[in-house]
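The next block holds one structure in the form of C-alpha coordinates; read it before the comments.
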Amino acid sequence: MDHTMNFSYSETNKLSPESFTEHTESLRQYQAYLTSLTEILDTQAPETSITLPLNRNYVSTIKDFAKKHNSPRLGAIVVVGIGGSNLGTWALYNSLAQIKRPIIFAETTDPSSIIDIVSELEHIYAHNQHVTLIVVSKSGQTTETIANYGVLIQALKDYDKDWQNHIIAITDEYSKLFDYANKYSFDVLTIPQHVGGRYSVFSAVGLFPLLLAGASIDDLLDGAEEAVMDNVSSDLKKNTSLASAASIYGNYLNGKTIHNTFIFDSSLYVFGKWYRQLVAESLGKDGKGITPITSVGSTDLHSVAQLYFAGPHDKFTTFITVKNTLYDAQVSNNVNLDDLVPHIAGKRLSEIMNAIYKGVTVSYKKNDLPFVEIQLESLNEYACGYLLQTKMIETMYLAKLMNVNAFNQPNVEEYKIETNAILKGS
Ligand code: PA5
(Lines give C-alpha, C1' and ligand atoms only; values in the text may rest on other atoms or scores of the structure.)
Protein backbone atom coordinates (compact mmCIF):
# COMPACT_ATOMS: atom_id res chain seq x y z
CA MET A 1 0.00 0.00 0.00
CA ASP A 2 3.05 2.25 0.46
CA HIS A 3 1.88 5.83 0.45
CA THR A 4 -1.54 5.36 -1.15
CA MET A 5 -3.40 4.79 2.10
CA ASN A 6 -2.32 4.62 5.72
CA PHE A 7 -4.29 2.75 8.33
CA SER A 8 -3.69 3.11 12.05
CA TYR A 9 -5.59 1.21 14.67
CA SER A 10 -3.51 -0.41 17.37
CA GLU A 11 -3.38 2.49 19.82
CA THR A 12 -6.97 3.58 19.40
CA ASN A 13 -9.26 0.64 18.64
CA LYS A 14 -9.51 -0.09 22.38
CA LEU A 15 -9.24 -3.84 21.96
CA SER A 16 -6.82 -5.86 24.02
CA PRO A 17 -4.04 -7.40 21.91
CA GLU A 18 -5.46 -10.83 22.85
CA SER A 19 -8.98 -10.13 21.66
CA PHE A 20 -7.74 -8.42 18.45
CA THR A 21 -5.50 -11.42 17.71
CA GLU A 22 -8.32 -13.84 18.41
CA HIS A 23 -10.40 -12.20 15.68
CA THR A 24 -7.60 -11.91 13.14
CA GLU A 25 -6.58 -15.52 13.77
CA SER A 26 -10.14 -16.75 13.29
CA LEU A 27 -10.03 -15.22 9.79
CA ARG A 28 -6.82 -16.92 8.72
CA GLN A 29 -8.54 -19.77 6.90
CA TYR A 30 -10.87 -17.40 5.06
CA GLN A 31 -7.96 -15.11 4.18
CA ALA A 32 -6.14 -18.12 2.70
CA TYR A 33 -9.30 -19.04 0.80
CA LEU A 34 -9.49 -15.51 -0.67
CA THR A 35 -5.85 -15.82 -1.69
CA SER A 36 -6.66 -19.03 -3.52
CA LEU A 37 -9.49 -17.31 -5.42
CA THR A 38 -7.04 -14.71 -6.69
CA GLU A 39 -4.67 -17.44 -7.83
CA ILE A 40 -7.17 -19.51 -9.76
CA LEU A 41 -9.23 -16.43 -10.74
CA ASP A 42 -12.40 -18.20 -9.67
CA THR A 43 -15.48 -16.81 -11.40
CA GLN A 44 -18.05 -18.96 -9.62
CA ALA A 45 -17.47 -18.04 -5.97
CA PRO A 46 -19.66 -15.33 -4.41
CA GLU A 47 -16.40 -13.46 -3.66
CA THR A 48 -15.46 -13.43 -7.35
CA SER A 49 -15.63 -9.61 -7.50
CA ILE A 50 -12.12 -9.59 -6.01
CA THR A 51 -10.79 -11.09 -9.22
CA LEU A 52 -12.16 -8.28 -11.44
CA PRO A 53 -9.06 -6.05 -11.14
CA LEU A 54 -6.79 -9.08 -11.67
CA ASN A 55 -8.32 -10.55 -14.79
CA ARG A 56 -9.07 -7.61 -17.07
CA ASN A 57 -10.24 -9.39 -20.22
CA TYR A 58 -13.58 -7.64 -19.95
CA VAL A 59 -12.05 -4.14 -20.00
CA SER A 60 -11.34 -4.00 -23.75
CA THR A 61 -15.08 -4.30 -24.54
CA ILE A 62 -15.81 -1.48 -22.10
CA LYS A 63 -13.17 0.68 -23.80
CA ASP A 64 -14.57 -0.12 -27.26
CA PHE A 65 -18.07 0.91 -26.22
CA ALA A 66 -16.74 4.06 -24.53
CA LYS A 67 -14.94 5.00 -27.76
CA LYS A 68 -18.15 4.47 -29.70
CA HIS A 69 -20.22 6.65 -27.33
CA ASN A 70 -17.58 9.34 -26.80
CA SER A 71 -18.78 12.02 -29.21
CA PRO A 72 -17.89 15.72 -28.94
CA ARG A 73 -21.61 16.42 -28.69
CA LEU A 74 -22.02 14.21 -25.64
CA GLY A 75 -23.08 16.78 -23.06
CA ALA A 76 -23.81 14.49 -20.13
CA ILE A 77 -24.14 10.86 -19.12
CA VAL A 78 -27.28 9.71 -17.35
CA VAL A 79 -26.91 6.68 -15.09
CA VAL A 80 -30.25 5.08 -14.27
CA GLY A 81 -29.83 2.58 -11.46
CA ILE A 82 -30.20 2.18 -7.72
CA GLY A 83 -28.33 0.66 -4.78
CA GLY A 84 -25.37 -1.42 -5.87
CA SER A 85 -26.05 -0.41 -9.46
CA ASN A 86 -25.25 3.27 -8.99
CA LEU A 87 -23.73 4.07 -5.59
CA GLY A 88 -20.18 2.90 -6.37
CA THR A 89 -20.12 4.88 -9.61
CA TRP A 90 -21.53 7.91 -7.84
CA ALA A 91 -19.03 7.60 -4.99
CA LEU A 92 -16.11 7.60 -7.42
CA TYR A 93 -17.58 10.36 -9.57
CA ASN A 94 -17.93 12.61 -6.53
CA SER A 95 -14.46 11.82 -5.21
CA LEU A 96 -12.61 12.40 -8.47
CA ALA A 97 -12.53 16.13 -9.13
CA GLN A 98 -10.53 15.51 -12.33
CA ILE A 99 -13.60 14.03 -14.09
CA LYS A 100 -14.75 16.54 -16.65
CA ARG A 101 -17.95 15.26 -18.23
CA PRO A 102 -21.03 15.43 -16.01
CA ILE A 103 -22.83 12.30 -14.87
CA ILE A 104 -26.45 12.69 -13.80
CA PHE A 105 -27.76 9.99 -11.48
CA ALA A 106 -31.41 8.92 -11.61
CA GLU A 107 -32.14 6.55 -8.74
CA THR A 108 -35.39 6.86 -6.78
CA THR A 109 -38.73 7.40 -8.51
CA ASP A 110 -39.32 10.60 -6.59
CA PRO A 111 -41.17 12.61 -9.28
CA SER A 112 -39.52 15.95 -8.51
CA SER A 113 -35.98 14.60 -8.85
CA ILE A 114 -36.79 12.91 -12.16
CA ILE A 115 -38.58 16.00 -13.49
CA ASP A 116 -35.44 18.00 -12.63
CA ILE A 117 -33.42 15.55 -14.70
CA VAL A 118 -35.84 15.85 -17.62
CA SER A 119 -35.36 19.64 -17.47
CA GLU A 120 -31.58 19.18 -17.47
CA LEU A 121 -31.87 16.97 -20.55
CA GLU A 122 -34.01 19.58 -22.32
CA HIS A 123 -31.33 22.16 -21.53
CA ILE A 124 -28.60 19.89 -22.97
CA TYR A 125 -30.58 19.24 -26.17
CA ALA A 126 -31.32 22.97 -26.48
CA HIS A 127 -27.54 23.51 -26.68
CA ASN A 128 -27.24 21.08 -29.56
CA GLN A 129 -25.74 18.35 -27.42
CA HIS A 130 -27.06 14.93 -26.53
CA VAL A 131 -26.88 12.48 -23.62
CA THR A 132 -26.04 8.81 -23.32
CA LEU A 133 -28.49 6.97 -21.13
CA ILE A 134 -26.98 4.06 -19.21
CA VAL A 135 -29.52 1.72 -17.62
CA VAL A 136 -27.86 -0.36 -14.95
CA SER A 137 -29.68 -3.26 -13.33
CA LYS A 138 -28.25 -6.65 -12.51
CA SER A 139 -31.68 -8.26 -12.24
CA GLY A 140 -33.08 -6.08 -15.02
CA GLN A 141 -36.33 -5.92 -13.12
CA THR A 142 -35.94 -3.27 -10.45
CA THR A 143 -39.11 -1.17 -10.42
CA GLU A 144 -37.44 2.20 -9.76
CA THR A 145 -34.81 1.74 -12.47
CA ILE A 146 -37.18 0.55 -15.16
CA ALA A 147 -39.78 3.22 -14.28
CA ASN A 148 -37.16 6.00 -14.48
CA TYR A 149 -35.87 4.57 -17.75
CA GLY A 150 -39.48 4.66 -18.96
CA VAL A 151 -39.73 8.38 -18.18
CA LEU A 152 -36.29 9.46 -19.43
CA ILE A 153 -36.40 7.46 -22.66
CA GLN A 154 -39.30 9.66 -23.74
CA ALA A 155 -37.07 12.74 -23.51
CA LEU A 156 -34.47 11.02 -25.70
CA LYS A 157 -37.10 10.03 -28.24
CA ASP A 158 -38.54 13.56 -28.27
CA TYR A 159 -35.24 15.39 -28.77
CA ASP A 160 -32.68 13.02 -30.28
CA LYS A 161 -33.14 11.50 -33.76
CA ASP A 162 -30.34 9.05 -33.05
CA TRP A 163 -31.69 8.06 -29.62
CA GLN A 164 -31.32 4.29 -30.09
CA ASN A 165 -27.56 4.71 -30.45
CA HIS A 166 -27.38 6.71 -27.26
CA ILE A 167 -28.61 4.02 -24.89
CA ILE A 168 -26.64 1.28 -23.26
CA ALA A 169 -27.84 -1.36 -20.82
CA ILE A 170 -25.55 -2.91 -18.21
CA THR A 171 -27.07 -6.09 -16.85
CA ASP A 172 -26.80 -9.80 -16.26
CA GLU A 173 -26.60 -11.92 -19.36
CA TYR A 174 -29.64 -13.89 -18.23
CA SER A 175 -31.88 -10.94 -17.32
CA LYS A 176 -34.97 -9.75 -19.12
CA LEU A 177 -33.26 -6.39 -19.61
CA PHE A 178 -30.55 -8.17 -21.60
CA ASP A 179 -33.22 -9.65 -23.90
CA TYR A 180 -35.05 -6.30 -24.10
CA ALA A 181 -31.88 -4.40 -25.05
CA ASN A 182 -31.08 -6.93 -27.76
CA LYS A 183 -34.62 -6.81 -29.08
CA TYR A 184 -34.42 -3.02 -29.53
CA SER A 185 -30.78 -3.10 -30.71
CA PHE A 186 -29.36 -1.13 -27.78
CA ASP A 187 -25.75 -1.69 -26.81
CA VAL A 188 -25.32 -4.04 -23.85
CA LEU A 189 -22.49 -4.68 -21.41
CA THR A 190 -22.78 -7.60 -19.04
CA ILE A 191 -22.16 -7.99 -15.33
CA PRO A 192 -20.46 -11.29 -14.49
CA GLN A 193 -23.07 -13.65 -13.13
CA HIS A 194 -21.57 -14.12 -9.65
CA VAL A 195 -20.68 -10.48 -9.05
CA GLY A 196 -23.44 -9.05 -6.85
CA GLY A 197 -24.75 -5.48 -7.12
CA ARG A 198 -22.90 -3.86 -4.22
CA TYR A 199 -19.64 -5.56 -5.18
CA SER A 200 -19.90 -4.63 -8.85
CA VAL A 201 -18.22 -1.21 -9.05
CA PHE A 202 -15.14 -2.58 -10.84
CA SER A 203 -17.23 -4.32 -13.48
CA ALA A 204 -18.85 -2.48 -16.41
CA VAL A 205 -21.31 -1.05 -13.84
CA GLY A 206 -18.80 1.51 -12.61
CA LEU A 207 -16.10 1.38 -15.25
CA PHE A 208 -18.15 2.24 -18.33
CA PRO A 209 -19.80 5.46 -17.07
CA LEU A 210 -16.60 6.60 -15.35
CA LEU A 211 -14.49 6.03 -18.45
CA LEU A 212 -17.00 7.85 -20.63
CA ALA A 213 -16.89 10.72 -18.14
CA GLY A 214 -13.11 10.90 -18.43
CA ALA A 215 -11.73 8.92 -15.48
CA SER A 216 -8.73 6.64 -15.86
CA ILE A 217 -10.16 3.18 -15.30
CA ASP A 218 -6.70 1.65 -15.66
CA ASP A 219 -5.55 3.60 -12.61
CA LEU A 220 -8.72 2.68 -10.74
CA LEU A 221 -8.16 -0.99 -11.46
CA ASP A 222 -4.45 -0.74 -10.62
CA GLY A 223 -5.37 0.68 -7.20
CA ALA A 224 -8.03 -2.00 -6.72
CA GLU A 225 -5.58 -4.71 -7.78
CA GLU A 226 -3.02 -3.60 -5.23
CA ALA A 227 -5.75 -3.54 -2.60
CA VAL A 228 -6.75 -7.11 -3.45
CA MET A 229 -3.17 -8.35 -3.18
CA ASP A 230 -2.64 -6.52 0.14
CA ASN A 231 -5.94 -7.54 1.65
CA VAL A 232 -5.76 -11.24 0.91
CA SER A 233 -2.21 -11.27 2.26
CA SER A 234 -1.31 -13.01 5.52
CA ASP A 235 0.82 -9.99 6.45
CA LEU A 236 -1.27 -7.94 8.83
CA LYS A 237 0.85 -4.85 8.17
CA LYS A 238 -0.45 -4.84 4.60
CA ASN A 239 -3.90 -6.25 5.26
CA THR A 240 -6.03 -3.25 6.22
CA SER A 241 -9.30 -5.08 5.48
CA LEU A 242 -8.53 -7.77 8.01
CA ALA A 243 -7.23 -5.45 10.73
CA SER A 244 -10.17 -3.11 10.21
CA ALA A 245 -12.73 -5.94 10.24
CA ALA A 246 -11.22 -7.33 13.48
CA SER A 247 -11.36 -3.84 15.05
CA ILE A 248 -14.98 -3.25 14.03
CA TYR A 249 -16.08 -6.74 15.06
CA GLY A 250 -14.30 -6.69 18.44
CA ASN A 251 -16.02 -3.42 19.20
CA TYR A 252 -19.36 -4.77 17.96
CA LEU A 253 -19.04 -7.55 20.54
CA ASN A 254 -18.32 -4.83 23.12
CA GLY A 255 -21.67 -3.16 22.36
CA LYS A 256 -20.52 -0.74 19.66
CA THR A 257 -23.25 -1.74 17.24
CA ILE A 258 -23.03 1.54 15.30
CA HIS A 259 -20.11 2.14 12.93
CA ASN A 260 -19.56 5.78 12.13
CA THR A 261 -17.51 6.56 9.03
CA PHE A 262 -16.36 10.09 9.84
CA ILE A 263 -15.10 11.69 6.66
CA PHE A 264 -12.98 14.84 6.71
CA ASP A 265 -13.28 15.55 2.99
CA SER A 266 -16.77 16.25 1.75
CA SER A 267 -16.10 14.85 -1.72
CA LEU A 268 -16.06 11.43 -0.06
CA TYR A 269 -19.62 11.91 1.18
CA VAL A 270 -21.15 9.63 -1.46
CA PHE A 271 -18.45 7.09 -0.70
CA GLY A 272 -20.01 7.08 2.79
CA LYS A 273 -23.42 6.30 1.26
CA TRP A 274 -21.90 3.50 -0.83
CA TYR A 275 -20.18 2.01 2.22
CA ARG A 276 -23.39 2.30 4.25
CA GLN A 277 -25.24 0.20 1.69
CA LEU A 278 -22.40 -2.30 1.42
CA VAL A 279 -22.33 -2.90 5.16
CA ALA A 280 -26.06 -2.73 5.81
CA GLU A 281 -27.12 -5.12 3.03
CA SER A 282 -24.20 -7.47 3.54
CA LEU A 283 -24.36 -7.84 7.31
CA GLY A 284 -27.92 -6.99 8.37
CA LYS A 285 -29.49 -10.41 8.58
CA ASP A 286 -30.36 -13.26 10.97
CA GLY A 287 -30.95 -10.73 13.76
CA LYS A 288 -27.38 -9.46 13.42
CA GLY A 289 -25.97 -6.29 11.92
CA ILE A 290 -23.81 -3.25 12.36
CA THR A 291 -25.61 0.04 11.79
CA PRO A 292 -23.48 2.16 9.46
CA ILE A 293 -23.66 5.93 9.70
CA THR A 294 -21.66 8.60 7.90
CA SER A 295 -20.56 11.93 9.30
CA VAL A 296 -18.77 14.74 7.52
CA GLY A 297 -16.17 16.87 9.25
CA SER A 298 -16.16 19.58 10.17
CA THR A 299 -19.87 20.21 9.44
CA ASP A 300 -21.18 17.44 11.67
CA LEU A 301 -19.08 18.56 14.63
CA HIS A 302 -21.72 21.27 14.90
CA SER A 303 -24.55 18.80 14.51
CA VAL A 304 -24.04 15.35 16.00
CA ALA A 305 -20.64 15.45 17.76
CA GLN A 306 -22.21 16.27 21.14
CA LEU A 307 -24.05 12.95 20.92
CA TYR A 308 -20.88 11.14 19.88
CA PHE A 309 -18.89 12.54 22.80
CA ALA A 310 -21.45 12.37 25.57
CA GLY A 311 -24.28 10.12 24.41
CA PRO A 312 -24.41 6.35 24.67
CA HIS A 313 -21.07 4.66 24.06
CA ASP A 314 -22.45 2.49 21.28
CA LYS A 315 -20.32 3.72 18.38
CA PHE A 316 -17.09 2.71 16.74
CA THR A 317 -15.55 5.27 14.38
CA THR A 318 -13.43 5.09 11.26
CA PHE A 319 -12.00 8.51 10.45
CA ILE A 320 -11.05 9.13 6.84
CA THR A 321 -8.82 12.04 5.85
CA VAL A 322 -7.04 13.06 2.66
CA LYS A 323 -3.46 14.30 3.02
CA ASN A 324 -3.07 16.31 -0.17
CA THR A 325 -6.20 18.12 -1.20
CA LEU A 326 -6.57 19.27 -4.78
CA TYR A 327 -7.59 22.80 -3.87
CA ASP A 328 -6.70 25.09 -1.00
CA ALA A 329 -7.34 28.66 0.06
CA GLN A 330 -5.72 31.07 2.43
CA VAL A 331 -7.38 33.05 5.18
CA SER A 332 -6.64 36.75 4.78
CA ASN A 333 -4.07 38.10 7.23
CA ASN A 334 -4.89 41.75 6.89
CA VAL A 335 -8.47 42.02 8.19
CA ASN A 336 -7.74 41.74 11.94
CA LEU A 337 -9.15 38.28 12.38
CA ASP A 338 -7.33 37.90 15.69
CA ASP A 339 -10.08 40.05 17.19
CA LEU A 340 -12.53 37.28 16.29
CA VAL A 341 -10.72 33.92 16.19
CA PRO A 342 -7.03 33.99 17.08
CA HIS A 343 -4.36 31.99 15.22
CA ILE A 344 -6.18 31.58 11.91
CA ALA A 345 -5.06 34.68 9.98
CA GLY A 346 -2.75 33.77 7.11
CA LYS A 347 -3.33 30.03 7.52
CA ARG A 348 -4.44 27.72 4.73
CA LEU A 349 -7.88 26.12 5.10
CA SER A 350 -6.25 22.68 4.87
CA GLU A 351 -4.10 23.59 7.90
CA ILE A 352 -7.15 24.67 9.87
CA MET A 353 -9.04 21.52 8.85
CA ASN A 354 -6.10 19.45 9.95
CA ALA A 355 -6.03 21.17 13.33
CA ILE A 356 -9.76 20.55 13.74
CA TYR A 357 -9.29 16.89 12.84
CA LYS A 358 -6.42 16.48 15.30
CA GLY A 359 -8.49 18.20 17.97
CA VAL A 360 -11.30 15.72 17.37
CA THR A 361 -9.05 12.67 17.69
CA VAL A 362 -7.52 14.04 20.91
CA SER A 363 -11.05 14.50 22.28
CA TYR A 364 -11.99 10.99 21.21
CA LYS A 365 -9.00 9.64 23.11
CA LYS A 366 -9.83 11.71 26.20
CA ASN A 367 -13.41 10.42 26.11
CA ASP A 368 -12.22 6.84 25.67
CA LEU A 369 -14.03 6.45 22.34
CA PRO A 370 -12.68 3.69 20.09
CA PHE A 371 -11.61 4.56 16.56
CA VAL A 372 -9.30 3.75 13.66
CA GLU A 373 -7.87 6.12 11.06
CA ILE A 374 -7.54 5.92 7.30
CA GLN A 375 -5.45 8.55 5.58
CA LEU A 376 -5.47 8.69 1.79
CA GLU A 377 -2.47 10.32 0.16
CA SER A 378 -4.75 12.11 -2.31
CA LEU A 379 -8.06 11.61 -4.08
CA ASN A 380 -7.02 10.15 -7.41
CA GLU A 381 -8.26 7.08 -9.26
CA TYR A 382 -5.55 4.83 -7.84
CA ALA A 383 -6.25 5.74 -4.22
CA CYS A 384 -10.03 5.59 -4.66
CA GLY A 385 -9.75 2.18 -6.33
CA TYR A 386 -7.64 1.07 -3.39
CA LEU A 387 -10.13 2.41 -0.84
CA LEU A 388 -13.30 0.90 -2.31
CA GLN A 389 -11.68 -2.48 -2.88
CA THR A 390 -10.33 -2.51 0.69
CA LYS A 391 -13.80 -1.81 2.07
CA MET A 392 -15.41 -4.58 -0.01
CA ILE A 393 -12.92 -7.13 1.29
CA GLU A 394 -13.30 -5.77 4.84
CA THR A 395 -17.05 -6.44 4.54
CA MET A 396 -16.40 -10.02 3.44
CA TYR A 397 -14.17 -10.54 6.50
CA LEU A 398 -16.81 -8.99 8.75
CA ALA A 399 -19.51 -11.29 7.36
CA LYS A 400 -17.28 -14.26 8.04
CA LEU A 401 -16.71 -13.11 11.64
CA MET A 402 -20.45 -12.57 12.11
CA ASN A 403 -21.34 -15.80 10.34
CA VAL A 404 -23.74 -14.23 7.85
CA ASN A 405 -23.98 -14.42 4.07
CA ALA A 406 -22.43 -11.21 2.72
CA PHE A 407 -23.82 -11.65 -0.75
CA ASN A 408 -27.60 -11.90 -0.52
CA GLN A 409 -30.35 -9.46 0.51
CA PRO A 410 -33.44 -11.67 0.90
CA ASN A 411 -35.54 -9.06 2.66
CA VAL A 412 -34.94 -6.40 0.00
CA GLU A 413 -36.25 -8.91 -2.53
CA GLU A 414 -39.35 -9.27 -0.30
CA TYR A 415 -40.35 -5.60 -0.70
CA LYS A 416 -39.74 -5.79 -4.46
CA ILE A 417 -42.23 -8.67 -4.74
CA GLU A 418 -44.82 -6.88 -2.56
CA THR A 419 -44.48 -3.69 -4.65
CA ASN A 420 -45.07 -5.61 -7.85
CA ALA A 421 -48.16 -7.24 -6.37
CA ILE A 422 -49.55 -3.81 -5.39
CA LEU A 423 -48.82 -2.34 -8.83
CA LYS A 424 -50.55 -5.30 -10.47
CA GLY A 425 -53.73 -4.55 -8.49
CA SER A 426 -53.72 -0.78 -9.10
O1 PA5 B 1 -26.40 -4.79 -3.79
C2 PA5 B 1 -27.41 -5.21 -4.31
O3 PA5 B 1 -27.50 -6.34 -4.81
C4 PA5 B 1 -28.64 -4.32 -4.39
O5 PA5 B 1 -28.44 -3.12 -3.71
C6 PA5 B 1 -28.97 -4.01 -5.84
O7 PA5 B 1 -27.87 -3.42 -6.44
C8 PA5 B 1 -30.18 -3.08 -5.96
O9 PA5 B 1 -31.29 -3.63 -5.31
C10 PA5 B 1 -30.52 -2.85 -7.43
O11 PA5 B 1 -30.75 -4.09 -8.07
P12 PA5 B 1 -30.57 -4.28 -9.62
O13 PA5 B 1 -29.16 -4.04 -9.96
O14 PA5 B 1 -31.00 -5.68 -9.87
O15 PA5 B 1 -31.49 -3.28 -10.27
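Read the numbers this way: they start at 1 and go in the same order the structure lists the ligands and their atoms. Sequential numbering from 1 along the given sequence is applied to the chain's residues.
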Answer yes or no: does an N/O atom from S137 fall short of 3.5 Å to an N/O atom of ligand 1?
yes
Using side-chain hydrogen bond (donor to acceptor under 3.5 Å, both in side chains), reason through Y125 and D158 one step at a time and then give a plain yes or no.
CA-CA 10 Å; Y125 289 118; D158 288 347; over 6 Å; no
Please list, in number order, the atoms of ligand 1 under 4.0 Å from a heavy atom of Q409.
3 (O)
G197 heavy atoms, cut-off 4.0 Å: which ligand 1 atoms fall inside?
1 (O), 2 (C), 3 (O), 7 (O)
Under 4.0 Å from a heavy atom of E281: which atoms of ligand 1 are those, numbered in the order shown and with their elements?
1 (O), 2 (C), 4 (C), 5 (O)
Out of E144, Q141, R198, K138, who gets a non-hydrogen atom closest to atom 1 (O) of ligand 1?
R198
Tell me the nearest of G196, S85, G140, G83 to atom 13 (O) of ligand 1, using heavy-atom distances.
S85
Going by the angle between their ring planes, with limits at 30° and 60°, are Y9 and F7 parallel, tilted or perpendicular?
parallel
Distance-only donor-acceptor check, side chains S378 and N324, under 3.5 Å:
no
Test of proximity, G84 against ligand 1: N or O pairs below 3.5 Å
yes
Among protein heavy atoms, which sits nearest to atom 10 (C) of ligand 1, and what does the distance come to when rounded to 0.1 Å?
I82 O, 3.3 Å
Side chains of T395 and Y199: is there a donor and an acceptor less than 3.5 Å apart?
no
re atom 11 (O) of ligand 1, the protein heavy-atom contact at minimum distance is T142 OG1, 3.4 Å
Between D222 and R56, does any side-chain N to carboxylate O distance fall below 4.0 Å?
yes
re atom 5 (O) of ligand 1, the protein heavy-atom contact at minimum distance is Q277 NE2, 2.5 Å
For atom 14 (O) of ligand 1, closest protein heavy-atom neighbour:
S139 OG, 2.6 Å
Has T318 got a side-chain atom pairing as donor or acceptor with V372's backbone, closer than 3.5 angstrom?
no
Just which atoms of ligand 1 are under 4.0 Å from any heavy atom in K416?
9 (O), 11 (O)
With distance as the sole criterion, is a donor-acceptor pair present between the side chains of H194 and S49 under 3.5 Å?
no
Axial cation check for Y30 ring with K400, 6.0 Å and 45° limits
yes
